[in-house]
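To keep things clear, I will list the structure first and then write my remarks on it.
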Amino acid sequence: MEIIKKYVEGNKNRFLMELFEILRIPSISADKKYSNDVLQTAHLVKAHLDKIGIQNTELCETKGFPIVYGEKIIDESLPTILIYGHYDVQPPDPLDLWESDPFEPEIRNEKIYARGACDDKGQFFMHLKAVELMLKNNMLSCNVKFMIEGEEEVGSENLEPFVKNNKEKLKADIILISDTGIIANDTPSITTGLRGLSYLEVELTGPNRDLHSGLYGGAVANPINILTKMIASLHDEKNRITIPNFYDDVEIISTEERIEMAKAPFNLDQYRQELDISEVYGEDGYSTMERNSIRPTLDVNGIWGGYIGEGAKTVIASKAFAKISMRLVPNQQSEKITKLFSDHFKKIAPNCVKVKVTPHHGGEAYVSPTDNIGYNAAKLAMNDSFGKMPIPVRTGGSIPIVALFEKELGLKSILMGFGLDSDAIHSPNEHYGVFNFLKGIETIPLFFKYFNDLQSEKKIK
Ligand code: BES
Ligand code: MN
Ligand code: MN
């Protein structure tokens, strides 16, 4: 622990400067304009792996952006830890709400402000620096493999075939991921569940052209009016989703388990204050923490159509659009839910409009057990570095590839992230605490140590 602390303290400024260099490249995977930047980021990550002494580094080509791979096999008989992360980021807009340039990182109040600071550049980079630390101080106790992708924020479509075709290369004992968060800096936690996702786009067409709303208004269906009515009908008065059979496969959580989950600290007043809302909102019969973790949801992520320019234009638009996503829980299948939605949405549409439903990406939920070596190694590591035992917590976010890792590689993922809900990921002014960045670098080597210790203990038994 002393060696770790000393190394982190001594190299802190360099670590931050190196991270800043990565944060400066706008690796926005969703926007084609930035393709070169995404690619350049992949090259930079590879160069960093090379510099710290990782072997067999390569950019693995895919149909999209490459996956950065590298490994350090010190002894075949030691356990192998596969580290996953993503070097792509979300678009930064709305730009005018940023207090500083999203791609010109700066530290204010001990926090690094930049797009990707927390999600996920700042977090995957902790692993590179932790491995550097272990190599420099001769304390690497496990083999390590890196797999850093560039398409997480757009659904990881090309990672799936890569995983299926490279099972030997990706052979490991556990996957370690820092792409989630903790409850608070004085309340460490480990994520034990992720929600799945089903994402679609809908298009309603009314008349074949935009119409004068005076000449035609009242006589022809307005697709925007119809769309909002259809969307409103997707929840009932208890805020349950009305799509038939939607809840069929939802995992039932026992009362005991719900009581256990409710022990995680949560302050509703503070939650409301932080978001400046006077009341929370959600499905009847569930707490706020349950609503955003163990229950499925349906949300409109964007809706448009008609005239949205300056001033007024009296028009009935020909088309109306919406992007809709559903967060899913264990046992619900993304593909099945996508079909249920699609069938239902077409069924409830009146004859006066035509409906088109286009599925985007999806992914399954994930739960990780707390009685395995990986979880225990993370628990002991965090206990050492934070001085406090971490609490298991299910999050509402999704990392679809995690369920796929389990299916294809038979490996569990340990979600040992260090972000905070207040870090504004995907929002303007995303940031990551310098404390969290350094704490991560301190904790990861301890995970390696405990993972090896626990694994060899098991072997002896
Ligand atoms: N790192 C996040 C997911 C996350 C953040 C999980 C915080 C738990 C806590 C990831 O990059 C992400 O944004 N995932 C997307 C899904 C993806 C398919 C676009 C999400 O959850 O919306
Ligand atoms: Mn992420
Ligand atoms: Mn993200």
Side-chain angles (χ1 to χ4, degrees), residues 22-23 27-31 38 41 64-65 83-92 102 114-127 147-160 175-184 188-201 264 289 292-294 296-302 323-329 334 338 359-368 392-405 413-428 430-432 436 440:
I22 300 175
L23 290 171
S27 52
I28 307 163
S29 52
D31 190 340
V38 185
T41 311
F65 295 117
I83 290 161
Y84 164 83
H86 62 94
Y87 62 82
D88 65 322
V89 300
Q90 287 273 331
R115 171 57 86 232
C118 172
D119 186 11
D120 181 40
K121 288 172 169 174
Q123 295 218 63
F124 85 70
F125 196 62
M126 301 182 311
H127 290 267
M147 170 174 48
I148 315 291
E149 72 151 317
E151 297 186 310
E152 196 277 342
E153 299 292 7
V154 289
S156 303
E157 238 168 87
N158 296 301
L159 188 59
E160 185 167 343
I175 300 175
L176 182 61
I177 304 175
S178 297
D179 194 22
T180 53
I182 49 175
I183 295 176
S189 57
I190 300 172
T191 304
T192 52
L194 295 163
R195 283 196 286 193
L197 186 70
S198 161
Y199 204 117
L200 312 102
E201 192 163 323
M289 290 264 271
N292 70 20
S293 63
I294 60 164
T297 59
L298 182 152
D299 275 293
V300 179
N301 298 107
K323 289 185 194 278
I324 297 175
S325 69
M326 289 162 282
R327 294 281 168 175
L328 311 177
V329 297
S334 167
T338 299
H360 283 293
H361 50 253
E364 313 304 335
Y366 176 76
V367 266
S368 94
V393 174
R394 287 215 204 176
T395 175
S398 310
I399 311 177
I401 206 67
V402 171
L404 196 100
F405 288 153
S413 292
I414 303 304
L415 301 162
M416 190 171 75
F418 294 86
L420 296 174
D421 280 355
S422 54
D423 284 345
I425 62 171
H426 296 205
S427 302
E430 174 177 354
H431 55 271
Y432 190 37
N436 304 68

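Counting starts at 1 for both ligands and their atoms, following the listed order.
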Return the closest protein heavy atom for atom 5 (C) of ligand 1 as residue, atom name and distance. I425 CD1, 3.5 Å
To the nearest 0.5 Å, tell me how far I190 CD1 sits from R394 CZ. 15.0 Å
Please state which option from H426, R394, E151, R195 has its nearest heavy atom closest to atom 13 (O) of ligand 1. H426
Please report the interatomic distance CD1(I177) to OG1(T191), rounded to the nearest 0.5 Å. 10.5 Å
For ligand 1, is there an atom lying under 4.0 Å from some heavy atom of R327? yes
Side chains of I148 and H127: does their closest heavy-atom pair fall under 4.5 Å? no
To check your reading of the model: name the closest protein heavy atom to atom 4 (C) of ligand 1, its residue, and the distance in Å. D179 O, 3.6 Å
Rounded to the nearest 0.5 Å, what separation is found between the CD atom of E160 and the CD1 atom of I401? 6.5 Å
Could a heavy atom of T395 be found less than 4.0 Å from some atom of ligand 1? yes
Distance from Q90 atom CD to R115 atom CZ, nearest 0.5 Å? 6.5 Å
Part of Q90 within contact of ligand 1 (heavy atoms, under 4.0 Å): neither
Is there a side-chain contact between H86 and D119, using heavy atoms and a 4.5 Å cut-off? yes
Below 4.0 angstrom from a heavy atom of H86, which ligand 1 atoms are there? Numbered from 1 as shown, please. 11 (O)
The protein heavy atom nearest to atom 19 (C) of ligand 1 is E153 O, 3.6 Å
Taking both backbone and side-chain atoms into account, decide whether H86 has an N/O/S atom under 2.8 Å from the Mn ion (ligand 3). no
Please determine whether E152 has a backbone or side-chain N, O or S atom lying under 2.8 Å from the Mn ion (ligand 2). no
Close-contact set for ligand 1 against P400 heavy atoms, below 4.0 Å: 18 (C)
What is the ring orientation for H361 with Y199, classed by angle as parallel under 30°, tilted 30 to 60°, or perpendicular over 60°? tilted
Identify the residue among S198, S293, S398 that makes a side chain to side chain donor-acceptor pair (under 3.5 Å) with R327. S398
Out of all atoms in ligand 1, which are within 4.0 Å of some heavy atom of T180? Include the element for each. 6 (C), 8 (C), 9 (C)
for atom 11 (O) of ligand 1, nearest protein heavy atom and its distance come out as E152 OE1, 2.7 Å
Regarding E153, does it place an N, O or S atom less than 2.8 Å from the Mn ion (ligand 3)? yes
Identify the protein heavy atom lying closest to atom 14 (N) of ligand 1, giving its residue, its atom name and the separation to 0.1 Å. S398 O, 2.9 Å
Which distance, rounded to the nearest 0.5 Å, do you find between the CD of E149 and the CG of N158? 9.0 Å
Counting only nitrogen or oxygen atoms and a 3.5 angstrom limit, does H361 reach ligand 1? no
So among L159, I399, D120, which one has a side chain to side chain contact (heavy atoms under 4.5 Å, CB included) with E152? I399
In this structure, NZ of K121 is separated from CD of E430 (nearest 0.5 Å) by 9.5 Å
Which N, O or S atom of D119 lies nearest to the Mn ion (ligand 2), by name: OD1
